[in-house]
There are 2 protein chains.
Amino acid sequence: MADVAERAGVSTMTVSRALKKGSPISDETRRRIMAAVDELGYVLDQTAGTLSSKRSGFVATLIPSINNSNFSDTVRGISEAIEGSGLQLLLGRTDYLVEKEETLLESMLTRRPEGILLTGGSHTPRSRRLLESAGIPIIETWDLPEKPIEHVVGFSNAAATRALVHDLFARGYRNIGFIGGTSNRDTRGADRRVGYSQAIAELGLGQSRIISFGSPPISMEQGGEAIVQLVTQWPEVDAAICVSDLSAFGALMECHRRGWAVPDRIAIAGFGDFEVSRCSHPRLTTVSVDAVEIGRTAGHLLLRAIEARREGRLAPPETSMMPFRVIQREST
Amino acid sequence: MADVAERAGVSTMTVSRALKKGSPISDETRRRIMAAVDELGYVLDQTAGTLSSKRSGFVATLIPSINNSNFSDTVRGISEAIEGSGLQLLLGRTDYLVEKEETLLESMLTRRPEGILLTGGSHTPRSRRLLESAGIPIIETWDLPEKPIEHVVGFSNAAATRALVHDLFARGYRNIGFIGGTSNRDTRGADRRVGYSQAIAELGLGQSRIISFGSPPISMEQGGEAIVQLVTQWPEVDAAICVSDLSAFGALMECHRRGWAVPDRIAIAGFGDFEVSRCSHPRLTTVSVDAVEIGRTAGHLLLRAIEARREGRLAPPETSMMPFRVIQREST
DNA sequence: CTGTTAGCGCATTCAA
DNA sequence: TTGAATGCGCTAACAG
């Protein structure tokens, strides 16, 4: 920056201002400085800027998996929301593990992010402590935690799955099974299972029929194996709800292979409205949540909260309930 | 850090050493320091560390899309490779646009990454300049650029697609069509189309039958519309190669819907060996590339190159050819 | 194994 | 609209 300043015949402070929009500087000076920047191939060092201004320009975002269109759509929404604000995403993948979330959090906090976006409301005690004492806005998404850390942009996975069961019930299905993963690692998956059981109970459908297969997130292939297990164990099942569209699709294809007509022999429903569920034959009934909108809403909320802190205010904790919708398609 | 030092009765330098593995420090001193760190809830500020040590600990990675299992698998491979090295990924999404790549590059360079991993070998002139003068290791992946910037870990998309056409030819198909996007934005997609045309020519199959549909990356749904267009325009086609498994899957489902038997009426092949192609019914013929391995190889290469620069050496440019494999399945 | 000195490259703050 | 002095929080380099 000193070299640029010398070449342009100004002080480094003026160069600093020229490189930041919104600073008072004359057009002519800026022009000269930009020319010098170009000639020298100068690239600003944000590291030094961060140290000096106490603003990193980072927003930490933790998602379970980057190759899941629900979460990557949310990341897209966040990106869109913060575009132009000068903030940069620091993305981390937890692999659906709260322990990995904790490790990532520790490492990300050393970069002094100005805000944190989390997926889900389950965290290790240490993570909670780190988050609560970080002194920056925190947003939990894709869930409705009992005890939110601060802000929330989400919905109840249990309620959404209950709605799906009720919908199937209204269409005449009485022997409804559920396919999910073997552990509670994926807490959203676990909540969906809880919602299923609640609905079965409140509709007086008697026994729950749950197949737990594979460690979450359960794959298409595992969905296929699970549906066979479900039908073998309870031949009377007339509908299967899968924890996500991926396993639902796998189940659907396995039914094709075995000549089980969908939905006549067995109906199949998923969760998440993935592209594959809109395209499969038959198209899959699912629960749709606007993942991009979750990201956008969370991103805007975060921007406001960061803005508030910069001005010394404190935005009050806010919870945004996102709508979900059961989409009936040909598979039920 | 000064607070921690005071509480532990040491200098800040000793605290700094205690927090970094590989530094000479007595167990007792480290224990005292760690206790102080815990009690105070101290979190190291890597920003200051970066400024002082001239090592950011960042590796910039640019991929076209984060919701594409090929690229997210590669990111996973990179993560695995750099795990434990203390490096952190700075991930950017180009949306298949070289212009966006340029913008991202500029913004990432201000964070002083220690290495850069790019997808593909096409860049704007300004991007090339930025990369060449960055003074850090650069790796291009998923491609075999004519004029590599430095290191390469990839394969020829054209050669892979040629191999697929030859394979179909060997199985008796003579009227083979190609489905891809409308522009050359997706350069890997464009290379695949080139490979298709080369193969058609060298096999003496006469005319090329190419449907360009939708702007890349082309979706499942667009694949479905494109196959209808292909069959309408050239009713004699007996096989369709799609630019990726996603469009191939959409095409397959559309065939189901219209009662076109696959592969008897028309064979379908994709590219990329996505999960959906292994699970669909019939299973999709495709070209498989080990995306995770591309990431791992690139990650390890980058680590070596970074290590070399830290020691003042310069790793010679290296090109790793990754293997691809045509996988014949039930759809052809 | 530990401490001291110095400085990384900027932006804040204040003055002009 | 511009400049000077100062310090952000840490680590390199060297000394002991």
- Task: Quickly work out the A/Tyr42 OH to C/dG9 P distance and round it to whole Å.
- Result: 10 Å
- Residues of residues 18-33 of chain A with any non-hydrogen atom less than 4.0 angstrom from an atom of DNA chain D: list those, numerically ordered, please. A/Pro24, A/Ile25, A/Ser26, A/Thr29
- Task: Give me the one residue out of A/Thr74, A/Asn70, A/Asp191, A/Asn157 that meets side-chain hydrogen bond (donor to acceptor under 3.5 Å, both in side chains) with A/Trp142.
- Result: A/Thr74
- Task: Calculate the interatomic distance between B/Lys54 atom NZ and D/dT11 atom C1'; express it in whole Å.
- Result: 11 Å
- Note on the structure: Note: for A/Ser52 and A/Val10 on DNA chain D, the residue whose nearest nucleotide lies more 5' is A/Val10
- Message: Looking only at side-chain N and O atoms, does A/Thr14 offer a donor or acceptor that is under 3.5 Å from a partner on A/Ser11?
- Response: yes
- When the distance from CG of A/Asp3 to P of C/dC10 is rounded to whole Å, what number comes out? 10 Å
- At under 4.0 Å, does any side-chain N or O of B/Thr14 touch on OP1 or OP2 of C/dT2? no
- Query: Is a salt bridge present between A/Glu150 and A/Arg309, judged by a nitrogen-to-oxygen distance below 4.0 Å?
  - Reply: yes
- Any N or O donor-acceptor pair linking the side chain of A/Arg112 to the base of D/dG9 at under 3.5 Å? no
- Is it true that the NZ or CZ of B/Arg76 lies under 6.0 Å from the centre of B/Phe71's six-membered ring and within 45 degrees of the ring axis? no
- Query: Where the side chain of B/Ser11 is defined as all heavy atoms beyond and including C-beta, which of C/dC8, C/dT4, C/dC10 is the nearest nucleotide?
  - Reply: C/dT4
- Separation of C/dC8 atom C1' from B/Leu51 atom CG, nearest Å, is 4 Å
- Message: Does A/Met1 reach a base, just sugar-phosphate, or nothing at all? Heavy atoms under 4.0 Å.
- Response: sugar-phosphate
- Item | Exam field: side chain B/His123 to backbone B/Arg128, donor-acceptor pair closer than 3.5 Å | no
- Query: B/Gln46 has an atom CD; how far is it from atom C1' of D/dC10, in whole Å?
  - Reply: 11 Å
- Looking at side-chain heavy atoms only, is the closest gap between B/Leu105 and B/Ile116 below 4.5 Å? yes
- Options D/dT11, C/dC10, D/dT2, nucleotide nearest the side-chain atoms of A/Asp45: C/dC10
- Note on the structure: Rounded to whole Å, CE of B/Met13 lies from C1' of D/dC10 at a distance of 9 Å
- Task: Could you please name the option among D/dC8, D/dG3, C/dC10 that lies closest to any side-chain atom of A/Ala48?
- Result: C/dC10
- Is a side-chain N or O of A/Arg32 found less than 3.5 angstrom from the main chain of A/Ala8, in a donor-acceptor match? yes
